Every structure is written in C-alpha cells, then in structure tokens.
Protein chains: 2
Amino acid sequence: MTETARAATTPAATSGSKSEQAYAAVKARIVDGTYSPGYRLVLAKIAEDLGVSVVPVREAIRRLEAEGLVKFERNVGATVSGIDPTEYLYTMQTLSIVEGAATALSAPLIGAADVARARAVNAEMRECLQHFDPVRFTRLNQDFHSVLFEHCPNPHILDLVHRGWNRLASLRSSTFRFVPGRAHESVDEHEALLQLIESGASPDDIEKAARRHRSATLDAYLAQTNAGSLSAH
Amino acid sequence: MTETARAATTPAATSGSKSEQAYAAVKARIVDGTYSPGYRLVLAKIAEDLGVSVVPVREAIRRLEAEGLVKFERNVGATVSGIDPTEYLYTMQTLSIVEGAATALSAPLIGAADVARARAVNAEMRECLQHFDPVRFTRLNQDFHSVLFEHCPNPHILDLVHRGWNRLASLRSSTFRFVPGRAHESVDEHEALLQLIESGASPDDIEKAARRHRSATLDAYLAQTNAGSLSAH
DNA sequence: GAGTACGAAATCGTATACGAAACACTATGG
DNA sequence: CCATAGTGTTTCGTATACGATTTCGTACTC
C-alpha cells in the first residue's frame, strides 16, 4: 500500500494506454532521480526509449508540466524543473501548509492500530540514523506520513501533499542535502505528533505541530545555506 | 490587471501555439459556464470549432484534467467535472486553507493603497447586494481577494488559489446557488479583514480570519442543503 | 414483452509525415 | 581577435490517416 500511496497523484487510472505509460514512466524517472533537475527531455528520444510515438509523450509531458515537475518552453523543449533554491522554499512552505491541514483533518480518524504502525516506522527511522542511510530514511519518512494521511477525508488536499512530495523528490538527490542534526529532531517530532494525536489534542494544535514539523526542516536548510553563501539566488 | 489575475493558472505563456489556444479557449468556456459540469467534450468537435486538429486539443484537455477541471476516461472521452456536492465541499475546504495561507503571507506586504483599492471594491460589492447582481458580486469578490493576494510571495500557493477559483467557477452558475444572507456577512468580513491587516495583526490571526471567511460560506451552503435534503449524495 | 446478441456509427488512441522555429557552428568582414 | 551573418541540424508543432474501442440501435430469441 505504501508503494501505491507514494505513486498516486492524478486520479487517472493505471490503464495501459501508451499515454499513461509514458506519463508514469517519465514521472517515475523524475521522482527516482534518473532525470535530475535541468535534464533535457527530448520528445523523440523518450518516445524511442519507450517504444511509442511522440504524441503520447507530449501528452504525458504536458500533464507533468501541470503538476509542476516539468518546465515546457515553446519551440525549445521540456526540462525537469527544480534546481532553484527558491523553488525549494516555495514547495516546502506550501507543503508545510497542506500537510498541516491534512494531518489535522486526518487526526480524528486515526486509530490505535495506525499509531502503532507509525511508531514502528519511526523506530526504523531511528535505526537509519545509526547506519546513516538517508535514502531509506526519506522513504520511511514518507511512509510515516502516509500512515497519518491514509484516512484524510479530503482527497484534494491529499493530492496536494503527494504533488509536493513528488516535487521534493525531484529535487532531493541532486541539489539539496541532509541537514544532519535535523534528522534526529525529526523523529522526535514524529513521536510528539503521535502523542498529540493519541491524546486527542485539538485539530488546531495538531495542525500547528505538523506545520512546524515541516517548516523546521526548511529553516534548518535555510540556516545552513545562509551560513555558506547568503545570496539567495 | 484583475483580468489577468483571474485568468492565470499554469505558468505556460500565452504564446500563440494552437495547443495554448485550445487550452485557453476550453478553459474559458468551462470557467464562464458555456460548458457546464457533465458537458461532454468531444475532441473532434472542439477541434473543428477552434479550427485546429485534434492533437492540440487532446493536449489541452490533458492539462485541464491535471488541474481538476475535466475528467478524462479512457476510450470514452472527456467531461467537465464538477456537479458533485462532495466535490464542492472538498474544493471549498481546500480553498479555505490555501486562501488563509495566502492572505497571511501577503498581509505584511499590503500597503495603504492596496487597502484603499480593496475597500473600493468592497463598496461596489455592497451596491451589488442592493441591486441583486450575483454575477457581478462574484466577480468583484475575486477582485477583492486578488488585491489581497497580489503581493503573495509564494507563487505556488497563489496558483492553488487560482485553481480553486476556477473549479468553483465551473460549478457556480449551474448547481450551487447563493445563500442570500451569507453575501451580507461576506462584505462585513471583508472589512474586518482589512482592519486586521491595517492594524498589523499577527499572521496567525489573519490566517484564521481569512480561513473562517471561506469556511463560513461553505457552512452556510451545507446548512441550507441539509435543511432541504440531508442525504449527501 | 424482456433480455440478449449482433452490427453500424461515433469517438478515441496513436503512428507517421511534414512544415516551422530555435540552436550551433562556420565563415567572413571589421 | 571579436562580432556578425549565413547555413545546416536538431527538435518542436500540428495535420492527417487509420486501427481500436465503446456505444447505441435494431433484430432476434425465449
């Protein structure tokens, strides 16, 4: 389930149309980092790789553009968007807001079993910190939040969260690195969040906590960046 | 400027490609109600209307699908999405959140001139209530909020707001009607919001107020609906 | 009379082909 | 040596064409 949850974004079914196939394939390559930010997406090339013609590929790229994963310039071509630290800031800020809302809306629907599952994931995350496994850590982090959002009653908001994640994924491996200390804080905040939920705290408090959880990561990044070069690109 | 603000959604330029043209045209027809929810979008027909071939139209529709304005079923066709009251609820709830955030982020950047402009718009809205002109009222309502959001430093969030508005626009004229009393409350809340901003209230308070402004409209709608038939479709 | 099976029309999905625009490179003049 | 104009190549943009799928209407059977 976590796998599907990670992939899902647009309602469009996973049917076997070539357009869908192209969409899924290109998106997967962007999210998993095969195509990193700035990568030039040449229609004909992708079409050949996938064994289809250019028309479905164009469609796929247009959709990805609407999701913000790709930048498409008239008569020039498509490139994987990202790179820009400003973009990272925008994305994180937006995520902070929609994740906060998603968590608050989900909270009343989260049962003891879910909390237990989330705790298990969080424990694994702690292990990752021992062995220093950032990739797995990131994946588990999504799993953790997936558990929280599973029951989110508003699919639109959930969709926004997923889109944000995808955007981040396209950025992560290349430009933006871990802020070491932050990871430890993160798992602690997860535990705090779970306790808030268990204790039946007000949606407002839960939202604030969830929101801060995300903003704190952004702040840590900004602090680190500004330490190096202060000039925001 | 209000006109552009109302139209903008996807970063894609307004260049003259046929694909762009088709996208803009279909979107406009959805937003202005020419194509109401459930309307069957036949590719060949649209292509002929616009004097282009089907390929650019497909692209356009795919983009609109990613924005949530259109539902696209494999081998069946595209229809204008909407209709469903549940969808209305989701959209309003989401808007409440992103508008709240957008307002809070914009507030520190709003100057006296902007406030004055917003007041002028709000005054016009009051007039609309006298002459009962819901269409103009809705348009002015967007103008009002456009003034507030103009300076929003996060374009992603602004984009989400616009998308929400477009979705609402596609719904409004057909299914969802005004809740009469609500309109009066609305202009009062606008004034209160402006005063909050002028007084330099905390972003948190501003966000709450802006959020409630939107939720209240939703609540009014729900109350009215439940009064009639309680069964949420 | 109701339900099912078949066939025709409508519509979608994709490949191919060709024209148009942008880009890179070279040659020429200052 | 640098700037600029011209040419060739790459890549995009869209029209057209055809095969695939669904839908709807009709006839047939029970």
Side-chain angles (χ1 to χ4, degrees), chain A residues 10-30 34-81 83, chain B residues 10-30 34-81 83:
Chain A
T10 302
T14 325
S15 75
S17 92
K18 311 234 174 160
S19 168
E20 293 293 341
Q21 179 195 337
Y23 171 74
V26 175
K27 180 165 172 178
R29 280 171 174 71
I30 293 175
T34 308
Y35 298 155
S36 38
Y39 185 93
R40 181 95 186 277
L41 298 168
V42 178
L43 297 182
K45 194 164 173 303
I46 295 175
E48 196 188 341
D49 283 357
L50 299 176
V52 301
S53 82
V54 294
V55 178
V57 175
R58 279 183 66 85
E59 259 186 49
I61 297 222
R62 279 298 205 204
R63 284 214 270 164
L64 292 168
E65 183 196 19
E67 285 179 31
L69 288 176
V70 161
K71 197 170 150 238
F72 205 54
E73 264 177 307
R74 154 119 181 161
N75 275 326
V76 174
T79 53
V80 177
S81 65
I83 296 184
Chain B
T10 301
T14 325
S15 74
S17 89
K18 311 234 173 161
S19 167
E20 294 292 340
Q21 181 194 336
Y23 170 75
V26 174
K27 181 165 169 178
R29 281 171 172 71
I30 293 175
T34 308
Y35 298 155
S36 39
Y39 185 93
R40 180 94 187 276
L41 298 167
V42 178
L43 297 181
K45 195 164 174 302
I46 295 175
E48 197 188 343
D49 284 357
L50 299 176
V52 301
S53 83
V54 294
V55 178
V57 175
R58 280 183 65 85
E59 259 186 47
I61 298 226
R62 258 345 209 310
R63 284 215 268 165
L64 292 169
E65 183 196 19
E67 285 179 31
L69 288 176
V70 161
K71 198 173 148 232
F72 205 54
E73 266 177 306
R74 154 117 183 165
N75 276 325
V76 174
T79 52
V80 177
S81 64
I83 297 186

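Bear in mind the structure is a predicted one, so any value in this text is a computation, not a measurement.
The two residues A:Gln21 and A:Leu50 come nearest to each other via the heavy atoms NE2-O, 3.7 Å. In this structure, A:Val70 and A:Ser81 approach most closely via the heavy-atom pair N-OG, 3.6 Å. When every heavy atom of A:Tyr35 is checked against every heavy atom of A:Ile46, the shortest pair comes out as OH-CG1, 4.4 Å.
One interatomic measurement links the two molecules: CD of A:Glu73 to P of D:dT11, which rounds to 16 Å at whole-angstrom precision. When rounded to the nearest whole Å, the span between CG of B:Leu43 and C1' of D:dT22 equals 14 Å. Summarising the geometry, the separation between CD on A:Glu59 and P on C:dC12 is reported as 12 Å, rounded to the nearest angstrom. Note: CZ (A:Phe72) to P (D:dT11) measures 14 Å, nearest angstrom. Here D:dG13 presents its P atom at 11 Å from CZ of B:Arg63, a figure rounded to the nearest Å. Spacing between atom NZ of B:Lys45 and atom P of C:dA9 amounts to 21 Å, rounded to whole angstrom units.
Atoms CZ and OG, on A:Arg63 and A:Ser19 in that order, are 5.0 Å from each other to the nearest 0.5 Å.
Contact annotation: B:Lys18 side-chain N/O to D:dA15 OP1/OP2 distance is under 4.0 Å. Of the side-chain N and O atoms in B:Arg58, none sit less than 4.0 angstrom from OP1 or OP2 of C:dC12.
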Seminar exercise, completed: Heavy-atom contacts, protein to nucleotides 18-24 of chain C, under 4.0 Å, summarised as B (base), S (sugar-phosphate only) or - (none) per nt, yield ---SSS-

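Residues passing the side-chain contact (heavy atoms from CB on, under 4.5 Å) test with A:Ala60, sequence neighbours excluded: A:Ala22, A:Tyr23.
As judged by a 4.0 angstrom heavy-atom cut-off over every strand, A:Leu41 is placed among residues touching the sugar-phosphate backbone only.
For the contact set between residues 47-57 of chain A and DNA chain D, defined by any heavy atom under 4.0 Å, there are no members.
Applying the side-chain hydrogen bond (donor to acceptor under 3.5 Å, both in side chains) test to pairs two or more places apart or on separate chains, those with a residue in residues 38-58 of chain A are A:Arg58-B:Glu59.
Between A:Lys27 and A:Glu67, at least one side-chain nitrogen of the basic residue sits less than 4.0 Å from a carboxylate oxygen of the acidic one, meeting the salt-bridge criterion. A salt bridge between B:Glu65 and A:Arg62 is absent, with no side-chain N of the basic residue lying under 4.0 Å from a carboxylate O of the acidic one.
No side-chain heavy atom of A:Leu64 sits less than 4.5 Å from a side-chain heavy atom of A:Leu41.
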